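Per chain, numbering begins at 1; letters A, B, ... match sequence-line order. Only a predicted model underlies this, so the values are computations on that prediction, with no experimental measurement involved.
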There are 2 protein chains.
Amino acid sequence: MRDFFSQFDFQSDLLFEDLTESENQAVENTMESLAIKKGSMLFYEGGIPTGIYQIKQGKAKKFKRGFTGDEQIFYIYTPQDVLGYHALLGQERYQDSCEALEDLKVNFIAKEDFLRLLREIPALQQKLIKNIGHEFGVLANIIAVLAQKNQNARLALFLLLLENRFNRNSPTVKGIDLTRDDLANLIGTSQESLGRSLKQFKEQGCIETDKRNIYIKDSLQLEQLLQVKID
Amino acid sequence: MRDFFSQFDFQSDLLFEDLTESENQAVENTMESLAIKKGSMLFYEGGIPTGIYQIKQGKAKKFKRGFTGDEQIFYIYTPQDVLGYHALLGQERYQDSCEALEDLKVNFIAKEDFLRLLREIPALQQKLIKNIGHEFGVLANIIAVLAQKNQNARLALFLLLLENRFNRNSPTVKGIDLTRDDLANLIGTSQESLGRSLKQFKEQGCIETDKRNIYIKDSLQLEQLLQVKID
DNA sequence: ACAAATATATAACATTTGTTATATATTTAA
DNA sequence: TTAAATATATAACAAATGTTATATATTTGT
């Protein structure tokens with residue numbers, strides 16, 4: 001199970017794991033806690049990187065506008081995830097945008113501090129590079145899904161992924177709380193067409209909804225749609 | 001134009017550009033020339049990296065198998081492109097597979113030699129990291145296209161991209177020479193459905209075919225399908 | 001608490017894409 | 001060179017998805 005989901009998870013929440021006590025202290029010392037309002041941008045495409053973020057509370061979407069301007073979400077970040085390091089490492093501008101889906105609490109590390117940490121903690125640099133390689137594989141997997149799976153299968157997959165990601169570190173299942181618009185932009189369809197698939201899933205008893213929240217009721221049925229056994 | 005295409009090009013052919021004479025010599029000295037037969041693998045998913053490759057002649061496809069085993073091509077490499085460094089940098093196994101589409105001539109740099117070059121030539125390391133960031137953006141752009149564009153638009157885009165990439169460094173236009181199967185696995189459709197789109201394009205005068213080769217006859221019409229002006 | 005704005009649900013119809021089947025062309029190996 | 005294997009082309013029908021329209025629910029700002 002963990003293994004199946006990890007094909008689609010950036011796992012950037014593990015970046016600061018496995019540090020020694022003193023290394024960890026050095027990292028903590030550079031962090032500045034920020035509150036970010038729902039709907040505002042952590043960074044955007046074309047902007048100049050100023051540092052990296054670790055989400056401590058809330059969710060954020062990473063997206064890119066295709067050449068015709070349509071928003072394509074390719075990742076939803078949740079607490080503990082670290083983001084914003086690609087552009088910073090490459091000394092270039094952001095390739096994508098990141099927006100708070102709810103009020104966030106984040107820890108910010110300024111560019112120079114983070115680069116210094118990387119120099120001083122070789123294990124961190126190694127882990128970061130490893131992680132970037134992993135993320136590359138995740139995007140390739142997402143490409144395979146979008147290119148090969150039909151809408152119901154894509155929806156089933158993302159519901160399973162998001163449920164797992166959203167409720168990983170929380171004792172109570174809160175369901176999947178995204179706007180229909182965001183969910184549609186994640187699985188690559190229109191809002192209306194997404195609604196049709198959700199209705200089918202409800203009729204089959206796979207899911208239930210309350211307001212915009214989606215609760216998975218029969219994950220086995222969803223997995224069967226993917227023709228894969230998650231264990 | 002260059003700018004539009006570069007959104008979808010890895011640009012790994014530029015990796016060894018801008019080196020000093022002596023740096024360049026150091027790189028050349030570590031390279032070993034290899035001949036690889038059509039259909040054989042440069043590396044495959046799960047394998048342990050042994051080094052990196054620069055293609056000197058021929059084309060290769062990079063692909064991944066989705067969890068149901070279907071092949072999804074996400075890049076076609078052409079001469080001068082460098083590949084295979086992700087897994088090597090991250091000290092992990094290959095995340096994807098690479099197969100020769102025709103008989104290849106490649107230059108191989110063994111893992112330890114390449115890692116040494118990176119240590120000794122900071123500009124190379126910097127460029128590599130920058131390039132990995134760029135590739136991340138390319139995959140995100142491909143995700144947007146696959147998720148948002150219909151089949152004809154996807155086909156039009158990839159025909160323009162491939163024509164540009166295949167004939168970039170060659171004086172004579174040779175058209176696009178890929179099996180229907182590979183082209184279908186690149187744009188995310190079935191071979192039969194791809195055939196239908198190709199037929200439409202032929203009827204509209206956008207393209208002509210000879211054997212499996214595809215020649216672009218009216219790129220303006222293809223660009224209009226994308227609702228974008230390439231200039 | 002209320003009105004306005006925004007988000008969601010649903011249906012009907014059009015269009016696109018998938019699938020199955022069959023025929024023809026091209027390449028490969030003996 | 002020829003037979004077998006593989007690749008390509010095409011059509012007909014089924015299924016999935018896009019689009020437009022309208023109604024209802026929920027959220028936001030005052």
* **Lys/Arg cation over aromatic B/Tyr75: B/Arg165, 6.0 Å, 45° cone** =>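 Yes, a cation-pi geometry.
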From [atom1] of [X] over to [atom2] of [N], roughly how many Å is that when rounded to an integer?
{"X": "A/Arg180", "N": "C/dT10", "atom1": "CZ", "atom2": "P", "result": "10 Å"}
{"X": "A/Ile207", "N": "C/dT8", "atom1": "CD1", "atom2": "P", "result": "14 Å"}
{"X": "A/Gln200", "N": "C/dA9", "atom1": "CD", "atom2": "P", "result": "14 Å"}
{"X": "A/Asn185", "N": "C/dA7", "atom1": "CG", "atom2": "P", "result": "12 Å"}
{"X": "B/Lys149", "N": "D/dT17", "atom1": "NZ", "atom2": "C1'", "result": "16 Å"}
{"X": "B/Glu102", "N": "C/dT27", "atom1": "CD", "atom2": "P", "result": "14 Å"}
{"X": "B/Asp181", "N": "C/dT26", "atom1": "CG", "atom2": "P", "result": "18 Å"}
{"X": "B/Leu155", "N": "C/dT16", "atom1": "CG", "atom2": "P", "result": "14 Å"}

* Do B/Gln221 side-chain atoms and B/Gln204 backbone N/O form a donor-acceptor pair below 3.5 Å? ->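 Here the side-chain-to-backbone pair exists.
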* To do: Can you check each nucleotide of nucleotides 20-30 of chain D against protein heavy atoms at under 4.0 Å and return B for base, S for sugar-phosphate only, - for none, in 5' to 3' order?
  => BB----S-S--
* In a check of side chain to side chain donor-acceptor pair (under 3.5 Å) between A/Glu102 and each of A/Gln57, A/Lys38, A/Lys37, A/Lys59, which one passes? -> A/Lys59
* A/Gln191 or A/Ala147: which one's nearest nucleotide on DNA chain C is closer to the 5' end? -> A/Gln191
* To do: Would you mind telling me which residue lines up with the more 5' stretch of DNA chain D, B/Arg196 or B/Thr209, judged by nearest nucleotide?
  =>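 It is B/Thr209 whose nearest nucleotide is closer to the 5' end.
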Salt bridge between [X] and [Y], side-chain N to carboxylate O under 4.0 Å?
{"X": "B/Lys61", "Y": "B/Asp182", "answer": "yes"}
{"X": "A/Lys64", "Y": "A/Glu45", "answer": "yes"}
{"X": "A/Asp9", "Y": "A/Arg168", "answer": "yes"}

* To do: Remember a base hit wins even if backbone is also touched, and classify A/Thr179 as base, sugar-phosphate or nothing at under 4.0 Å, heavy atoms.
  => sugar-phosphate
Is [X] near enough to [N] that one of its side-chain N or O atoms lies under 4.0 angstrom from OP1 or OP2?
{"X": "A/Gln151", "N": "D/dG18", "answer": "yes"}
{"X": "B/Lys199", "N": "D/dT8", "answer": "no"}
{"X": "B/Thr189", "N": "C/dG18", "answer": "yes"}

* **A/Phe10 and B/Phe136 aromatic ring geometry - parallel, tilted or perpendicular at 30°/60° bounds** => tilted
